[in-house]
Amino acid sequence: MSGKRQATLGQVLPTGTWSEPDPAPEAAAEPTPAVTPVPADAEAALPPADKEKPTVPTPASLFRRPKRRIVESDDEPELAQKPSLPNPKAAKASDDGPASTPAPARADAPAQGKPKPSPKQAKKKAAGKASKSKSNEAEDDSDSDSPKGSSAGPSSSSGPAPAAQSSDSGSSPWTRGQPVPYKTLCATFELIQATTKRLEIQSHLTDLFRSVIDLSPQCLIECVYLCINRIGPEYEGKELGVGESLLVKAVANAMGRDVKSIKAELDQVGDLGTVAQSKGHQKTIFSAKPLTVTSVFAALKAISNISGQSSQQRKIDAIQKLLVSCSGSEAKFLIRSLEGKLRIGLAEQTVLMSLAHAAALSDSKIAAMPSEKRAAMMAEAAAKIKQVYSAIPSYDLIIPALLEYGFQHLEDHCHMTPGIPLKPMLAHPTKSLTEVLDRFEGMAFTCEYKYDGERAQIHKLENGTVVIYSRNSENLSGKYPDIIERIPNVPKPGVKSFVLDCEAVAWDVKKQCILPFQVLSTRKRKDVQTTDIQVQVCIFAFDLLFLNGEVGTGLDCAKPLITETLKRRRELMYESLNEIEGQFQFAKSMTSSNVEEIQTFLDDSVVGNCEGLMVKTLEKDSSYEPSKRSRNWLKVKKDYVNGLGDSLDLVVIGGYIGRGKRTGWYGGYLLACYDEDREEYQTICKIGTGFSEDQLAEHAELFKPHVIPGPKPYYKYSDNPNVRPDVWFEPAQVWEVKAADLSISPVHKAATGTIDPNKGISLRFPRFIRVRDDKSPDQATTAAQVAEMYRSQNINPIKGTNMGAADDDFEY
DNA sequence: GTTATGGTTAATC
DNA sequence: ATCCGACAAATTCGG
DNA sequence: CCGAATTTGTCGGATGATTAACCATAAC
């Protein structure tokens with residue numbers, strides 16, 4: 001089956017051009033892989049990671065699944081094994097005909113070359129040809145197991161001269177200096193997708209990057225962005241403006257099918273990319289120029305720039321045009337890129353590491369080192385890249401510097417710069433104060449209120465400019481002009497610039513108190529004028545990441561503080577800035593290791609409308625370097641604590657067909673509470689997290705006999721397409737669910753008429769806890785109880801929550 | 001043409 | 001946001 | 001003291017409610 005591999009991959013190609021005479025185009029356009037570092041020296045090659053794993057072919061193929069399951073299924077197609085979901089839509093659509101035809105895109109991709117395809121699947125695959133191509137050398141077959149073992153680093157990285165192979169279709173050779181063929185990238189994606197081992201993924205990506213650095217370094221940035229699925233630095237705020245709905249239309253157009261049939265197939269296959277790939281069968285126009293990383297990236301940017309009248313249609317057209325040029329697995333990944341999720345098991349951290357390793361190995365001296373030394377250099381490169389990235393997380397800046405100066409001197413050219421947002425430090429959820437004490441035992445630590453607002457990283461530059469970034473590095477300056485105006489009043493004399501980590505919280509100016517998150521979220525987001533702000537905000541600062549003109553030290557040069565201890569950073573923050581009541585305050589904090597004191601502090605925070613506490617070490621491991629440990633802080637919320645928090649027993653009345661990892665099961669369910677007076681079930685939320693895979697499977701099975709064709713007359717629900725379930729159930733089971741809060745809902749119906757005349761109540765952060773077999777549906781939490789829970793959480797009367805009364809609450 | 005309504009998307013948590 | 005699962009890394013255990 | 005067993009930490013990807021912005025289209 002893999003004939004081709006041998007021929008092409010086995011040999012060392014001259015650096016330069018690889019084109020490959022490969023015929024077999026028609027054959028279902030097999031993607032082929034791609035990049036292989038060719039071991040130049042005798043080192044002979046640690047064979048690059050080949051993912052030869054003996055894994056059984058994954059059927060649904062496209063998604064990695066727990067090994068356990070794979071094993072079980074062994075030779076049964078996994079799909080078959082999953083309880084098939086009743087799917088009205090699908091059923092219906094099925095007559096559309098085409099749906100069935102496209103044999104599910106045989107993605108075989110991941111399928112290992114491994115033989116052992118299950119019966120049915122086997123045929124498809126076989127036919128499809130699985131040329132599994134691996135990225136290793138010829139003999140890969142034999143050596144199979146990965147050497148990757150230890151640290152030596154991902155195997156593949158060994159050989160010095162990287163080489164790349166274009167894959168099959170002679171249509172896309174990769175020539176030095178020319179743009180990287182998109183097919184090459186996709187081939188790497190296929191390899192990555194075939195495994196769950198991170199080191200292996202890393203090594204495949206390293207191979208690709210090495211080749212790119214060697215052959216077409218100008219494409220490195222684009223490759224990196226495509227790998228992490230972005231079209232530029234986050235702070236530039238570029239968005240594709242393309243969602244599933246548009247994509248489905250585009251795919252339908254491109255394939256000459258109707259939207260309904262595409263949707264039906266999507267439900268069945270669980271991945272729109274796969275659906276689109278099956279287009280491969282209709283073979284694309286010859287004239288279409290092969291896509292390159294550069295052209296695809298440019299196209300994505302172009303799509304993001306489309307706006308205005310008929311922009312939707314223009315986007316669809318643009319996407320369709322791209323799709324038509326796709327062959328092999330390109331369509332699959334292109335669609336997934338547009339969806340914003342590659343779902344390959346690859347994301348930022350892995351990309352960063354691969355980049356570092358590739359950079360190291362692209363240095364011929366390093367590549368030639370004995371493996372131990374080489375591994376050490378790779379580790380050093382990794383550490384440097386991480387460090388630099390935590391100070392200035394911008395590929396636009398790092399990659400050019402990396403290419404020009406190499407990783408050793410990267411830090412001299414890339415350093416923290418006010419105006420460029422840092423990745424925020426995150427917190428790890430903690431179940432109890434006891435757990436906190438355990439973790440931080442023997443270390444100095446401090447507690448702060450966890451405010452319920454929006455993360456805000458405030459940069460004040462020397463030139464007076466103030467910029468605010470969100471948790472995801474989006475520029476919030478247009479949303480908070482009021483904050484920007486007040487910031488100049490904050491620094492003490494001598495403080496010229498700084499970067500602060502804060503939480504922006506909705507603030508009741510009259511009552512001088514904090515308002516709930518739901519109020520904050522109603523703030524306008526774009527081009528806000530200070531004069532017509534409806535929701536005032538108070539900033540609660542809790543960390544200082546950069547300071548110029550350090551008070552008291554006379555220091556005059558720009559000073560990044562991220563490597564300082566929290567203790568020091570906080571001292572500097574207190575020394576350098578002034579609080580302004582109701583506008584700019586420091587997060588309330590307390591340092592103690594006494595459990596009772598901390599417990600009291602926690603209780604107070606909740607009473608004060610906060611979510612709980614953040615707990616942070618003051619000295620040891622207290623630097624602000626997300627790359628070191630992005631979740632180095634702990635958070636304690638009352639709803640994490642067992643037995644505390646809002647827990648409800650709700651009835652399952654509907655299910656949603658799962659996607660990706662959950663293909664073949666329900667990905668989520670619709671829950672309702674019981675209204676005793678009206679004798680009806682009122683929706684309160686959907687739920688999609690908290691269950692193990694086993695439970696997911698059990699649930700799918702259990703509800704099978706309870707599926708009903710339509711909602712019961714005594715179900716109160718919204719017909720909003722986001723709420724209406726794919727499948728309805730009769731009331732059969734009660735689940736215990738936990739939530740952080742209750743909110744007024746625009747779509748759910750629980751307790752409608754009690755808190756708000758027209759709106760129901762819903763849950764914030766709902767998650768599945770367990771099945772309540774001891775309760776029948778009519779013993780579920782009642783609407784009255786829901787209403788009571790809602791009332792009891794507003795200790796501090798908030799006006800904003802009730803939209804009806806919202807009018808009276810602005811002004812001051 | 002302008003306005004109201006509805007659907008989609010991306011952003012926050 | 002919460003949560004789960006696969007890996008990798010770190011730590012402890014047993015001889 | 002080393003290798004095996006166990007625990008802890010990282011990372012990636014499923015999924016939640018809610019809102020403003022934007023666009024398409026219907027209503028006027």
Side-chain angles (χ1 to χ4, degrees), chain A residues 63-69 150-151 195-202 237 239-247 249 270 306-313 315 340-350 353 426 428-429 439 452-456 470-472 474 476 479 503-504 516-528 611 629-632 635 637 639-640 656 658-663 665-669 671 684-696 720-723 737-748 761-769:
Chain A
F63 306 100
R64 64 184 87 278
R65 320 214 62 144
K67 221 171 228 139
R68 190 181 82 260
R69 169 179 331 294
S150 41
S151 50
T195 182
T196 55
K197 299 201 167 27
R198 260 180 286 139
L199 293 182
E200 197 175 332
I201 289 172
Q202 207 171 281
E239 296 313 326
L240 283 170
V242 168
E244 180 176 292
S245 189
L246 274 191
L247 284 174
K249 288 178 194 163
I306 297 177
S307 69
Q309 205 185 23
S310 72
S311 57
Q312 317 256 108
Q313 190 54 51
K315 285 188 183 195
K341 301 160 155 205
L342 238 27
R343 298 193 298 185
I344 282 312
L346 174 69
E348 181 124 43
Q349 286 311 118
T350 310
M353 291 302 89
L426 304 175
H428 188 81
R439 283 172 179 262
D452 190 7
E454 177 176 24
R455 194 82 176 256
S470 74
R471 166 185 160 134
N472 291 316
E474 298 284 338
L476 294 181
K479 179 176 181 182
E503 189 82 5
F517 179 79
Q518 209 173 4
V519 172
L520 178 67
S521 65
T522 64
R523 250 187 90 118
K524 297 294 178 250
R525 295 168 185 165
K526 296 198 159 176
D527 305 316
V528 172
E611 294 183 293
R629 263 144 147 232
S630 77
R631 299 182 128 75
N632 218 12
K635 56 179 168 184
K637 293 167 70 167
D639 58 293
Y640 296 160
Y656 303 88
R659 303 282 180 83
K661 286 199 281 198
R662 300 206 178 155
T663 303
W665 295 327
Y666 291 111
Y669 292 86
L671 302 181
I684 186 167
C685 69
K686 295 195 290 181
I687 192 156
T689 192
F691 2 71
S692 65
E693 301 214 342
D694 286 342
Q695 288 171 325
L696 236 22
N720 181 312
N722 293 313
V723 177
V737 162
K738 191 169 249 198
D741 280 309
L742 290 87
S743 56
I744 296 291
S745 173
V747 294
H748 289 293
I761 288 172
S762 187
L763 306 181
R764 175 143 85 143
F765 310 147
R767 59 265 198 193
F768 172 84
I769 300 297

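No hydrogens, no waters, no symmetry mates; every other heavy atom, side chains included, goes into these values. Note on naming: letters A, B, ... go to the chains in the order of the sequence lines (proteins, then strands), and numbering restarts at 1 for each one. Note that the coordinates shown come from a computational prediction; the quantities given were computed from them, not determined experimentally.
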Novice: How is A:K637 classified with respect to the nucleic acid when contacts are heavy atoms under 4.0 Å: base, sugar-phosphate, or nothing?
Specialist: sugar-phosphate
Novice: Over all strands shown, is A:K249 touching base, sugar-phosphate only, or nothing at heavy-atom distances under 4.0 angstrom?
Specialist: nothing
Novice: Look at the side chain of A:E454 and decide which nucleotide, out of B:dT12, D:dA21, D:dT18, has an atom nearest to it.
Specialist: B:dT12
Novice: Please state whether the phosphate of B:dA11, meaning OP1 or OP2, lies under 4.0 angstrom from any side-chain nitrogen or oxygen of A:N472.
Specialist: no
Novice: Classify the nucleic acid contact of A:K738 as base, sugar-phosphate or nothing, counting any heavy atom under 4.0 Å across all strands shown.
Specialist: nothing
Novice: What's the shortest heavy-atom distance between A:L763 and A:C685, and which atoms?
Specialist: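 What the structure gives for the nearest pair is CD1-SG, 3.8 Å.
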Novice: Please determine whether a side-chain nitrogen of the Lys or Arg among A:E244 and A:R659 lies less than 4.0 Å from a carboxylate oxygen of the Asp or Glu.
Specialist: yes
Novice: Taking any heavy-atom pair under 4.0 Å as a contact, classify A:R523: base, sugar-phosphate, or nothing.
Specialist: sugar-phosphate
Novice: May I ask you to verify whether the side chain of A:T689 and the base of C:dT2 hold a donor-acceptor pair under 3.5 Å?
Specialist: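 Per atom types, the contact qualifies.
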Novice: Looking at every strand, decide which applies to A:H748 at a 4.0 Å heavy-atom threshold: base, sugar-phosphate, or nothing.
Specialist: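 Contact class for A:H748: sugar-phosphate only.
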Novice: When rounded to the nearest Å, what value does the distance between P atoms of B:dT5 and C:dA6 take?
Specialist: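 B:dT5 and C:dA6 have their P atoms separated by 50 Å.
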Novice: If you look at every strand shown and take non-hydrogen atoms under 4.0 Å, does A:G340 touch a base, only sugar-phosphate, or nothing?
Specialist: nothing
Novice: Examine D:dT18: is either OP1 or OP2 under 4.0 Å from a nitrogen or oxygen in the side chain of A:S745? Give yes or no.
Specialist: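 For A:S745, the contact criterion (side-chain N or O under 4.0 Å from OP1 or OP2 of D:dT18) is met.
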Novice: Is the phosphate of D:dC23, meaning OP1 or OP2, less than 4.0 Å from a side-chain N or O of A:Q312?
Specialist: no
Novice: What is the nucleic acid contact for A:S310, judged by heavy atoms within less than 4.0 Å: base, sugar-phosphate only, or nothing?
Specialist: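 Sugar-phosphate, no base atom in range.
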Novice: Under 4.0 Å between a side-chain N or O of A:R198 and OP1 or OP2 of C:dA6?
Specialist: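 So the side-chain polar atoms of A:R198 never come under 4.0 Å of the phosphate oxygens OP1 or OP2 of C:dA6.
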Novice: Applying side-chain contact (heavy atoms from CB on, under 4.5 Å) to A:E474 and A:E239, what does each step give before you reach the verdict?
Specialist: CA-CA 11 Å; A:E474 298 284 338; A:E239 296 313 326; 3.7 Å; yes
Novice: At under 4.0 Å between heavy atoms, what does A:L763 touch on the DNA or RNA strands: base, sugar-phosphate, or nothing?
Specialist: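 The residue A:L763 makes sugar-phosphate contact but no base contact.
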Novice: Mind checking A:G668 for me? I need base, sugar-phosphate or nothing, with any heavy atom below 4.0 Å counting as a touch.
Specialist: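 If one applies the 4.0 Å heavy-atom cut-off, A:G668 turns out to touch nothing in the nucleic acid.
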Novice: Hey, does A:F691 reach any base, or is it just sugar-phosphate, or nothing, if we go heavy atoms under 4.0 Å?
Specialist: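 Sugar-phosphate contact only.
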Novice: Contact class for A:P746 (heavy atom, under 4.0 Å): base, sugar-phosphate, or nothing?
Specialist: sugar-phosphate
Novice: Going by the angle between their ring planes, with limits at 30° and 60°, are A:F691 and A:F768 parallel, tilted or perpendicular?
Specialist: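 Rings of A:F691 and A:F768: tilted, 30 to 60°.
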Novice: For the side chain of A:R767, starting at C-beta, report the closest nucleotide among C:dC4, D:dA21, C:dC3.
Specialist: C:dC3
Novice: Any ion pair linking A:K479 and A:E454 (charged N to carboxylate O, less than 4.0 Å)?
Specialist: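 The answer is yes: the pair qualifies as a salt bridge.
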Novice: For A:Y656, report the nucleic acid contact type (base, sugar-phosphate, nothing); a contact means any heavy atom under 4.0 Å.
Specialist: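 Nothing, no heavy atom under 4.0 Å.
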Novice: Within the modelled atom types, does a donor on one side and an acceptor on the other bring the side chain of A:R525 and the base of D:dT19 under 3.5 Å apart?
Specialist: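 In this structure, the two groups form a donor-acceptor pair.
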